[in-house]
Structures are given as C-alpha cells and as structure tokens.
Amino acid sequence: MLTLKQIRYCLDQMAEMFPDAHCELNHRNPFELVIAVALSAQCTDALVNKVTKDLFQKYKTPEDYLAVSDEELQQDIRSIGLYRNKAKNIRKLCQLLIDEYGGKVPQDRDELTKLPGVGRKTANVVVSVAFGIPAIAVDTHVERVSKRLAICKWKDSVLEVEKTLMKKVPREEWSVTHHRMIFFGRYHCKAQSPQCHICPLLDVCREGKKRMKGKQIDG
DNA sequence: CTCCCGATAT
DNA sequence: ATATCAGGAG
C-alpha cells in the first residue's frame with residue numbers, strides 16, 4: 001500500500017499530466033447531466049455525447065421524455081447499448097422528478113440515489129459537477145487506477161475505494177482529484193494497453209513494474 | 001451473482 | 001474474436 005506521501009506524489013503527477021481534467025459529458029444544466037451520466041453506464045463518453053447532441057435538442061424537460069412512447073425513446077438512444085433499461089429508467093426518473101421534486105434535480109446524494117438508474121457513482125458525479133459539492137465518483141477508471149497504484153486493496157469494493165480516497169485526499173480536492181484520476185485512467189493508465197513505459201509513476205507502482213518485467217529487451 | 005447491449009479498440 | 005466502456009437493478 002502506498003504511503004500518504006506517495007499518494008500525494010501520484011496526484012501531483014496526474015495534475016501535471018492532465019491540468020485541465022474535467023467532466024467530458026456534454027450538458028448545459030443539472031437535468032441534462034443526470035440524463036447523460038445515466039446513459040453513460042458501460043459506454044464511452046464520446047458515444048454518449050454523439051447521442052445527446054440530438055437527444056437534448058428533442059427533449060428539454062422531464063415532460064418531454066414522458067410525451068413519447070417507450071419505443072421511441074429506445075430508438076433515440078439505441079446506439080448507446082443497454083437501451084431498454086436506460087429508456088425505462090429515464091422515463092421513471094422523469095416521472096419521479098415531477099411527482100416528488102417539483103421537476104428539479106435534487107442537490108442531495110441520497111435523494112439522487114432514489115432515482116431509477118441513478119446509483120452512488122452517478123449521484124456523486126451529479127452533486128460534484130452540477131452543484132459543486134465535494135464527492136469522489138468511483139467509476140471503472142478510478143477503481144482501476146486506485147488498485148494498480150495500490151492506493152487501496154485489490155479486493156476492495158467500489159464503496160471501499162471511495163472511502164479510502166475520501167480518507168487520503170483533502171475534501172477540497174475530492175472533485176478535481178476524481179477528474180484527474182479519470183483522465184489518467186482513460187488516456188494513460190488504460191485498461192488494455194497501460195502506458196507504463198512512459199509513466200512518471202512507475203517508480204512507485206508495483207503493478208507497473210510487474211508489467212514492465214516481461215517486456216525487457218535487454219537484461 | 002446475472003442481466004442488460006451497441007460501438008470501438010486491441 | 002475478445003475486452004472494454006464515467007453502472008445499476010433484481
């Protein structure tokens with residue numbers, strides 16, 4: 001496990017590598033962000049943005065999503081994948097926003113989690129990005145990076161990863177750290193071909209050094 | 001744990 | 001061909 005000082009070093013390096021790390025899901029308000037993040041499950045941001053470009057032109061309010069048939073919404077988001085579940089969740093979510101929240105997106109993580117299709121990770125993204133509330137959303141990239149760098153344990157659940165990060169990182173840095181870890185994981189410490197050979201963190205990364213061993217050209 | 005699922009990278 | 005993608009629900 002990395003020491004606090006080593007973690008600090010890693011986060012500083014990530015900040016240098018990705019000084020402009022930010023939310024890459026296109027949105028103009030909290031409602032659009034909820035929809036975009038709900039759509040992004042097991043799908044790339046780039047593909048979500050491709051779909052929401054037209055989607056957000058056609059649907060601007062919760063009422064708009066309820067005005068069409070389930071099949072029509074499915075077709076509008078089909079290329080995202082998991083489209084039957086997502087269409088159903090979005091329509092239920094919109095109904096709930098109207099019935100329980102005055103058509104507004106609640107600014108509370110636990111209230112957000114009550115919305116269908118919105119789990120802890122999605123709720124953390126919304127409160128953090130839309131409302132500026134400190135949170136660390138642990139997605140596939142944050143989990144992978146945390147485990148490869150041994151910031152947490154290999155067998156930790158996503159909730160345990162989140163708790164560890166909240167403990168090790170100052171609250172005022174939660175949101176920016178979470179985005180830097182996502183950029184680091186998405187563009188550098190990638191799932192399939194991690195860039196260990198040009199990684200500034202290699203000297204503190206057990207997993208990276210393990211990966212490099214089998215690829216030595218000379219002895 | 002399984003299921004949902006198309007697009008893209010490897 | 002297979003792995004992965006800003007996961008969540010049953």
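Protein chains get the first letters and strands the later ones, always in sequence-line order, with residue 1 at the start of each.
Between A/Ile80 and A/Ser193, the residue whose closest nucleotide on DNA chain B is further toward the 5' end is A/Ile80.
Taking 4.0 angstrom as the limit, A/Arg120 places none of its side-chain polar atoms (N or O) nearer than this to OP1 or OP2 of C/dG8. Listed pair A/Arg144 / C/dT4 fails the phosphate criterion, with no side-chain N or O lying under 4.0 Å from OP1 or OP2. OP1 and OP2 of C/dG7 both lie 4.0 Å or more from every side-chain N or O belonging to A/Thr122. The phosphate of C/dC5 has neither OP1 nor OP2 within less than 4.0 Å of any side-chain N or O from A/Arg186.
When all heavy atoms of A/Leu97 and A/Pro106 are compared, the closest pair comes out as CD2-CD, 3.8 Å. Here the closest heavy-atom approach between residue A/Tyr65 and residue A/Leu55 is recorded as OH-CD2, 3.9 Å.
Residue A/Lys50 is classed as a sugar-phosphate contact, given heavy-atom separations below 4.0 Å to backbone atoms only. Note on A/Leu39: nothing from the nucleic acid sits closer than 4.0 angstrom, heavy atoms only. A/Val138 comes within 4.0 angstrom of nothing in the nucleic acid, heavy atoms only.
When the P atom is used for both B/dT2 and C/dA6, the distance is 23 Å, rounded to whole Å. Here, B/dA7 and C/dG8 have their P atoms 22 Å apart, quoted to the whole Å.
A centroid separation of less than 6.0 Å is found between the aromatic rings of A/Phe183 and A/His22.
The interatomic distance linking A/Asn89 (CG) with C/dG10 (P) rounds to 8 Å, in whole Å.
Counting only N and O atoms by type, the side chains of A/Glu162 and A/Asn124 include a donor and acceptor under 3.5 Å apart.
Picking from B/dA9, C/dG8, C/dC5 the nucleotide with the shortest atom distance to the side chain of A/Gln192 gives B/dA9.
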